[in-house]
Amino acid sequence: MDLKHQTLELEKIGGKIEEKKKVEQKGLVDLPQPHKGVVLRFAPNPSGPLHIGHARAAVLNSEYVDRYQGKLILRIEDTDPRRVDPPAYQMISEDLNWLGVEYQETFIQSDRIPLYYDYAEKLINKGAAYMCNCPGGEFKKLKDNSIPCPCRELSVDENLLKWGQMETMAEGEAVLRIKTDIAHKNPAIRDWVAMRVVEEEHPRTGKRYRIYPMMNFSVAVDDHLMGITHVLRGKDHLANSEKQKYLYDHMGWELPAFIHYGRLKMDDVALSTSQARQGIAEGMYSGWDDPRLGTIRAIARRGINSQSIKELMQEIGVKISDSIISWKKIYGLNRNILEEKSNRYFFVGDAQEVHIKNVPEEVLRVVERPLHPDFLKRGYRKIPFTGKVYLNPDDLEQDQVLRLMDAVNVKVENGKVDYHSHTFDEARALKAQIVQWVPSDSNISTEVVMPDASIIKGWSEPDCDKLTVGEVVQMERFGFARLDEIIDDKLIFYYAHP
RNA sequence: GCUCCGGUAGUGUAGUCCGGCCAAUCAUUUCGGCCUUUCGAGCCGAAGACUCGGGUUCGAAUCCCGGCCGGAGCACCA
């Protein structure tokens, strides 16, 4: 019996069909419990500029803040003096700015060290934290067997005393641990470290502090103090969320909603910030915005729109399963935006100069082509056709008739190029390939930096002298590229994609 | 190894919680066609997926068990 018949049958005997309460959901899923004002945070470690992975967190937080009219806090987590790269503070805000991510407040954790000390002391007083002198390996051995270390039994007073002395202790001599469950089935959760001594000078606070909080400690304290309602983080923090839960419980704090998303991988760029830094130091990469890197600034330099990145991140969402994103996907999204925005120009790379033979006088003229075929109001570019042109060698490879766009048709034979005819109809009848060209006696020297950092040298049409740095154009039959720099009379473009 | 978590077209997603409207959504991709002028653009069209095996059920992408594959964590980094 199919559903329809069953339904009829059921109605006959007086049954009721329960209504479905599913609601169609578009785009990002809703946040759980969005009632009380949503407060979110984006909390990067200042070890370098933002990369595509950061963009996910930043964009998602930003989108939710917009949806619920909430508040976004930027919190810079610089509690490990060894992992702070001073220029990063500035780069992070620049990158967020490019992404169009707005935040209402900014905190820097190294400004808040004394505050963490206060809470450490409170935890000790509650008997929820203890000073531990065990060498790391020793503690691990005990912990892995669910055996509490001797320090765990210290009295509050003894702990307070040791905590007071920590200031003068050497690195590694003692740590402050948060009590969890020493028999927790996941050994990683058992009695984690909250405070340790670091003898490195901090780029911002110098030698003012020697005791620094661990990420799990400062994050939990700050998330509570800042009233964070939802924590969006990668699933690599799954265990950390559970660790932090113990701190909330000790303090009697209400837990925010934790949302974990999966890992993001990009084909080609698998470079971590530290690898990138090393590559830059060794001169392998030109800088943080080298086109081969997955940093926000590298992506921006190539003419990728921040809107494309936003759309991508919204599409990927907060799923916990991992995603592999391809450049092709980004290119596709970006092309949708660029297609309308970008004006068209001729560029010929690896150009070959060609003097077309037997060109009749009357076809020599200034060719006009629209800046954009769909938006004629934008105007026209002017390209003088004198019979002397640069063409792409690929187009000359086989003997055939070519149409130089809006100019003339030429016959290619054994590398020699002869005038063939003039009209488009003639070219069409021959199914001639239509190609771009640049006058060899009137042009602009141009270099295009490709995604693999190789450089294609060539010439672009004269009207490109009207372009300004930052503008993204479509080089017909070549692809989209962003004007990056003008050196003397030479244009340097960064290639985006076809 | 231990703890935890995933697996829908090439890729990214919707649907999974609350089984039937799912012969499964949308995007990208690929392929084909069109275009009085970009065959690397645009427009139109098509292709392509529920990890496998059992079970429960009238009915399973959806619930249960197991296998396989993948991922994360197992620090005095964040």
Side-chain angles (χ1 to χ4, degrees), chain A residues 1-7 18 20-22 24-27 29 43-47 77-80 82-84 109 132 135-137 139-140 143-144 171-177 184-190 192-198 212 214-216 218-219 233-240 242-243 260 262-265 267 273-274 311-312 314-317 319-333 335-336 338-340 342 344 346 369 372-374 403-407 423-425 427-428 431-436 474-480 497-498:
Chain A
M1 201 187 299
D2 67 16
L3 187 63
K4 206 172 281 177
H5 291 272
Q6 290 179 47
T7 308
E18 281 186 39
K20 259 289 167 58
K21 55 269 176 198
K22 284 183 187 172
E24 277 294 310
Q25 182 69 52
K26 271 186 225 130
V29 294
N45 166 244
S47 58
E77 309 205 324
D78 55 351
T79 53
D80 181 358
R82 292 196 174 90
R83 293 194 33 156
V84 174
Q109 287 190 317
C132 177
F139 179 85
K140 180 173 162 50
K143 176 199 76 171
D144 285 346
E171 196 166 315
E173 201 177 327
V175 295
L176 180 74
R177 289 186 185 280
H184 195 286
K185 60 182 172 178
N186 183 355
I189 308 296
R190 299 170 191 164
W192 50 271
V193 174
M195 290 278 182
R196 87 298 205 181
V197 173
V198 182
Y212 289 91
M214 296 292 291
M215 166 267 180
N216 274 312
S218 51
V219 161
R233 52 166 60 140
K235 70 175 181 186
D236 45 323
H237 286 294
L238 234 23
N240 291 325
E242 204 175 340
K243 288 183 187 180
H260 300 95
R263 275 170 58 98
L264 206 57
K265 277 185 230 155
D267 54 2
T273 300
S274 55
E311 285 174 16
L312 175 71
Q314 285 173 36
E315 182 172 326
I316 293 171
K319 283 209 339 174
I320 196 163
S321 47
D322 299 342
S323 312
I324 303 168
I325 53 175
S326 62
W327 280 108
K328 278 188 173 180
K329 177 76 182 180
I330 294 177
Y331 295 166
L333 293 172
R335 188 152 45 224
N336 292 337
L338 252 30
E339 155 57 23
E340 189 178 321
S342 305
R344 274 58 170 168
F346 284 162
R369 264 183 79 75
H372 194 299
D374 299 333
R403 172 153 184 88
L404 310 192
M405 275 186 225
D406 282 335
T423 65
F424 176 73
D425 288 338
R428 210 180 145 70
K431 297 205 167 175
Q433 181 135 344
I434 300 164
V435 303
Q436 83 279 24
Q474 189 198 92
M475 293 162 161
E476 299 195 51
R477 294 217 316 141
F478 180 69
F480 294 93
H497 49 75

message = With rounding to the closest Å, how many angstrom separate the P atoms on A23(B) and U16(B)?
response = 16 Å
query = Which part of the nucleic acid, if any, lies within reach of Ile324(A) when heavy atoms closer than 4.0 Å are counted: base, sugar-phosphate only, or nothing?
reply = sugar-phosphate
query = Is any NZ, NE, NH1 or NH2 atom of the basic residue among Arg83(A) and Asp78(A) found under 4.0 Å from an Asp or Glu carboxylate oxygen of the other?
reply = no
request  = Determine: side-chain N/O of Asn336(A) to OP1/OP2 of U28(B), distance under 4.0 Å, yes or no.
outcome  = yes
message = Under 4.0 Å, heavy atoms only, any strand: does Val175(A) hit a base, just the sugar-phosphate, or nothing?
response = base
query = Taking atom C1' in both G59(B) and G19(B), what distance in whole Å separates the two?
reply = 8 Å
key: Under-3.5 Å donor-acceptor pair between Gln474(A) side chain and U38(B) base   = yes
query = So which nucleotide from G40(B), U37(B), G42(B) ends up closest to the side chain of Arg477(A)?
reply = G40(B)
task = Quick one: pull up CZ in Phe346(A) and CE in Met475(A) and give me the separation to the nearest 0.5 Å.
result = 12.5 Å
inquiry  = Using the rule given for side chain to side chain contact (heavy atoms under 4.5 Å, CB included), can you reason through Arg344(A) versus Arg477(A), listing the C-alpha separation, both sets of side-chain angles and the distance that settles it, and then say yes or no?
reply    = CA-CA 10 Å; Arg344(A) 274 58 170 168; Arg477(A) 294 217 316 141; over 6 Å; no
request  = Among C39(B), U28(B), C35(B), find the nucleotide with the atom closest to the side chain of Ile434(A).
outcome  = C39(B)
query = Side-chain N or O of Arg263(A) less than 4.0 angstrom from OP1 or OP2 on G6(B)?
reply = no
query = For Phe424(A) and U37(B), are the ring centres under 5.5 Å apart with planes inclined under 30°?
reply = yes
ask   = What does Gly479(A) touch in the nucleic acid at a heavy-atom separation under 4.0 angstrom: a base, only the sugar-phosphate, or nothing?
value = nothing
remark   = Taking G12(B), A75(B), G42(B) as options, the one with an atom nearest any side-chain atom of Ile325(A) is G12(B)
request  = Can you tell me, in whole Å, how much space there is between the P of U51(B) and that of G6(B)?
outcome  = 14 Å
P gap between C63(B) and C5(B), integer Å = 15 Å
ask   = Below 4.0 angstrom from OP1 or OP2 of U37(B), is there any side-chain N or O of Arg403(A)?
value = no
ask   = If the P atom of U8(B) is compared with that of C2(B), how far apart are they to the nearest Å?
value = 26 Å
inquiry  = Under 4.0 Å between a side-chain nitrogen and a carboxylate oxygen: does that hold for Arg196(A) and Glu171(A)?
reply    = no
query = If the C1' atom of G10(B) is compared with that of U30(B), how far apart are they to the nearest Å?
reply = 8 Å
ask   = Counting just side-chain N and O atoms, does Arg196(A) come under 4.0 Å of either OP1 or OP2 of A78(B)?
value = yes
query = With distance as the sole test, does Asp322(A) use its side chain to make a donor-acceptor pair with the main-chain N or O of Gly262(A) at under 3.5 Å?
reply = no
query = Between G12(B) and G71(B), how far is it from one P atom to the other, in whole Å?
reply = 13 Å
query = Got a donor-acceptor pair under 3.5 Å from the side chain of Lys329(A) to the base of A27(B)?
reply = yes
task = Choose from G71(B), G6(B), U38(B) the nucleotide whose nearest atom is closest to any side-chain atom of Ile320(A).
result = G6(B)
key: Lys319(A), nearest nucleotide to its side chain (from U30(B), U13(B), A41(B))   = U13(B)
ask   = Taking CG from Asn186(A) and P from C5(B), how many angstroms apart are they, rounded to a whole number?
value = 11 Å
inquiry  = Mind checking if Thr79(A) touches a base, just sugar-phosphate, or nothing, with heavy atoms under 4.0 Å?
reply    = sugar-phosphate
task = Would you mind classifying the nucleic acid contact of His260(A) as base, sugar-phosphate or nothing, using non-hydrogen atoms under 4.0 angstrom?
result = nothing
query = Distance between the P atoms of A47(B) and A24(B), in whole angstroms?
reply = 11 Å
ask   = Between U37(B), A75(B), U13(B), which nucleotide gets closest to the side-chain atoms of Lys143(A)?
value = A75(B)
ask   = Mapping Gln433(A) and Met195(A) onto RNA chain B by nearest heavy atom, which one lands closer to the 5' end?
value = Gln433(A)
message = Between Arg233(A) and His260(A) (side chain of the first, backbone of the second, donor and acceptor by atom type, cut-off under 3.5 Å), is there such a pair?
response = no
message = What I want to find out is whether Asp406(A) reaches Arg369(A) closely enough, with some N-O distance under 4.0 Å, to be called a salt bridge.
response = yes
ask   = Can you tell me if the side-chain N/O atoms of Lys328(A) get under 4.0 Å from OP1 or OP2 in A27(B)?
value = no
inquiry  = Side chains of Lys319(A) and Ser321(A): any donor to acceptor distance under 3.5 Å?
reply    = yes
Touch class at under 4.0 angstrom, heavy-atom based, for Asp425(A) against every strand present = nothing
query = Taking atom types as they are modelled, is there a donor-acceptor pair under 3.5 Å from the base of G12(B) to the side chain of Glu315(A)?
reply = yes
task = Return the nucleotide paired to A75(B): Watson-Crick means purine N1 to pyrimidine N3 with N6-O4 or O6-N4, wobble means G-U with N1-O2 and O6-N3, both under 3.5 Å.
result = none
task = Using Watson-Crick or G-U wobble geometry with both distances below 3.5 Å, tell me the partner of U56(B), or none.
result = none
key: Residue closer to the 5' end of RNA chain B, Ala174(A) versus Asp406(A) (nearest nucleotide)   = Asp406(A)
query = Of the candidate nucleotides C77(B), G6(B), A27(B), which contains the atom at the shortest distance from the side chain of Met214(A)?
reply = C77(B)
key: Donor-acceptor pair (no angle test) under 3.5 Å: Arg344(A) side chain, U38(B) base   = yes
query = From the list A72(B), C76(B), G73(B), which nucleotide is the closest neighbour of the side chain of Lys235(A)?
reply = A72(B)
